[in-house]
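We name chains A, B, ... by the order of the sequence lines, and we start the count at 1 in each one.
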Amino acid sequence: MLISCQDLQKQYVADKQPVLAADKINLDIAKNDFLTILGHSGSGKTTLLSLIGGLTTADSGKVLIHGKDVWSGSDSDISRVRNETIGFVFQFASLIPTLTIHENLLLPLSFGGLRAGSSERADTLLEEVGIAEKRNSFPSELSGGQQRRVAIARAFINDPEIVLADEPTGDLDETTENEIIEFFYRRHEQGTTFVIVTHNSQLAQGHKALRVLNMKNGRLQEQ
Amino acid sequence: MNKSIQQQLNILDYGLHSLWQKKGRNFCVFLIFSGVIFLLASFQFMSASLTRTAELLLVTVPDITVQQLSAGRQVPLSAKSLGKLDTVFGISSIRPRIWGYYFDESNGANYTVIGSSAPATDDLLDSLLIAGSYPQAGEQGAVVLGSAVLDNLGLGDRKSFSLFRPDLTQVALHRVGVFQQSINLLTADLMLMSLEDARDLFAMGHDEFTDLLVQVANPTEIPTIASKIADAIPGSRVVTAEQIRKTYEAVFSFRSGFGAACLLASLAAFVILAFDKGLGFSREDQQEVGILKMLGWQTGDIMRLRFYESLATAACAFGLGISLAWAHILFFDGGLFRSVFLGWSVLRPTFDIVPYIQGRDILLLFAFSALPYLAATIIPAWRASIVRADSVV
């Protein structure tokens, strides 16, 4: 199994009230899965994604990747997994405002050193998400939707095995949204494993390898 | 290239890029820091230059200087006192001297007049002159002038001039030499002439002088011989070269210490400001750290990034501050701190300060300015680096 969540539990305190965002979640994700998790706001989708990606720690339970509890390892090991194995796409664009779009794309590569052809690869990805003409612009010069497309392109710069995406088509118009979904499907066909949390039921339709789960009050339900 | 070196270069590149992109905020820190270093360095350089000048001059100070006191005030010594030292063994030479002050009313300046018997030919003494020679034995009216006296008297190329005796009759003198500027601290206002001419200028008795300059054959015996001289001439004040050196050192140490204490307070204020600024790093900064960690940067990488940013700021500010301080001493004679070191006397003739900087001064300044700044940014850097990656989610 590529990813295995075992009895994951996470509780937050909001307005002095405990909120159970993940309630004993058990989930297996196989290599090349295309998992879509649907759910209302506050259902715990983003928390689950953060737990899988090791961005936050669970109160109890663990996440295994390739059978290893990587998120309890050293800072160096965790960083390597984040950098080489996982591509993140979050609800907001999460770009560095002081870097150009092209530089933002190359940023994950600074961890391991730029390789020959890195710049061309960044340009190709920008073309694939339809924003090549903004290569030398700064994030502040782009619309929210354009920034989102840059963040999506950046998630693929290291050719990750797993892509974790939180509302990846949230700010996009219908045409762009379709282009991005097609882009995800192409990547999926090339072997990338996707875990996507969204309100968008379109992402949960029309793909042959699709697996859809519902999330409610921190619990997962098969659809 | 080695992967780890490439990684460090990438972090450094990102840090410098980030500094440049936030240039407005960083430029303010840079300017304030440069200003603080400029003040500290100016003070240190000024102190070092003056101490060096004093050291150069003290080489020529006699081993022992003897003066006569009466009712706690200095009075002239007579030839009779000179004879009393015949019984003190170990003295290699005794030279009588007249030391006094001449007020130049037209320029409103006080000059120091020293009358001494002609010195023996000495390369060291000759090196103190920029031009000419010392008054020779029997050469009447010959004077060596300090550079400020030369300027004040407006002699130009002329050699002859005159000064007034107490009864306002004139003494004719002529310039035979000028002191080096490197020892201006003590010679800027000096007029060196023969014992007879000084005695004539101050209208002193024919066998009177203000002090005796004693040289001792064995330097280790100086304290013993000083004690014997004090016994031989009752009521005398006996000062050794070592005591004079310590006095200069104490004067400059006290003044530079006092000034440095004031300036270090401003440095401390800046460091606290830097610490405070670092502690309150913005939401935007937090988000940036979160994104970097999400993309695979480690806690150590973020700390290195902040360290490189601080180091770049500190190094540039240090370079600018030191350069400005050097220019301040070289081109403006340390105008900001001149009064602190040299007193506020309006009668003192002006003179140029010769800059003197040592590597250890630069290291000391770096240790007292850049290092505290770097230390002050370590904790904020650590706090920034432990921001959880999910803070951006």
Work out which heavy atom in B:Gly296 is nearest to a heavy atom in A:Ser79; give both atom names and the distance. O-CB, 3.2 Å
Measuring from A:Arg82:CZ to B:Lys293:NZ, what's the distance to the nearest 0.5 Å? 6.5 Å
Using non-hydrogen atoms and a 4.5 Å limit, figure out which bit of A:Ile78 sits close to chain B: side chain, backbone, both or neither. neither
Heavy atoms of other groups near A:His40 NE2, more than 12 under 6.0 Å: no
Evaluate whether atom CG of A:Asp69 has more than 12 neighbouring non-hydrogen atoms of other residues, nucleotides or ligands under 6.0 angstrom away. yes
Could you go through the side chain to side chain contact (heavy atoms under 4.5 Å, CB included) check for B:Leu292 and A:Leu107 one step at a time? CA-CA 8 Å; B:Leu292 292 175; A:Leu107 194 54; 3.6 Å; yes
With rounding to the nearest 0.5 Å, note down the distance linking OG in A:Ser94 to CD in B:Gln287. 8.0 Å
So, taking the atom named CG in B:Leu295 and the one named CG in A:Asn104, what distance separates them when rounded to the nearest 0.5 Å? 8.5 Å
Side chain to side chain contact (heavy atoms under 4.5 Å, CB included), that's the test. Do A:Phe90 and B:Met294 meet it? Break it down for me. CA-CA 10 Å; A:Phe90 284 104; B:Met294 185 183 81; 2.9 Å; yes
Measure from the side-chain N and O atoms of A:Asp75 to the backbone N and O of B:Gln298, and report whether any donor-acceptor pair falls under 3.5 Å. no
What's the verdict on side chain to side chain contact (heavy atoms under 4.5 Å, CB included) for B:Tyr14 and A:Ile96, showing C-alpha distance, side-chain angles and the deciding distance? CA-CA 11 Å; B:Tyr14 182 87; A:Ile96 303 288; 3.2 Å; yes
Counting neighbours of OH on A:Tyr12 that are heavy atoms of other residues, nucleotides or ligands and sit closer than 6.0 Å, is the number greater than 12? yes
Could you check whether atom CZ of B:Phe30 has more than 12 heavy atoms from other residues, nucleotides or ligands sitting under 6.0 Å from it? yes
Around atom CZ of A:Arg135, are there more than 12 heavy atoms of other residues, nucleotides or ligands at under 6.0 Å? yes
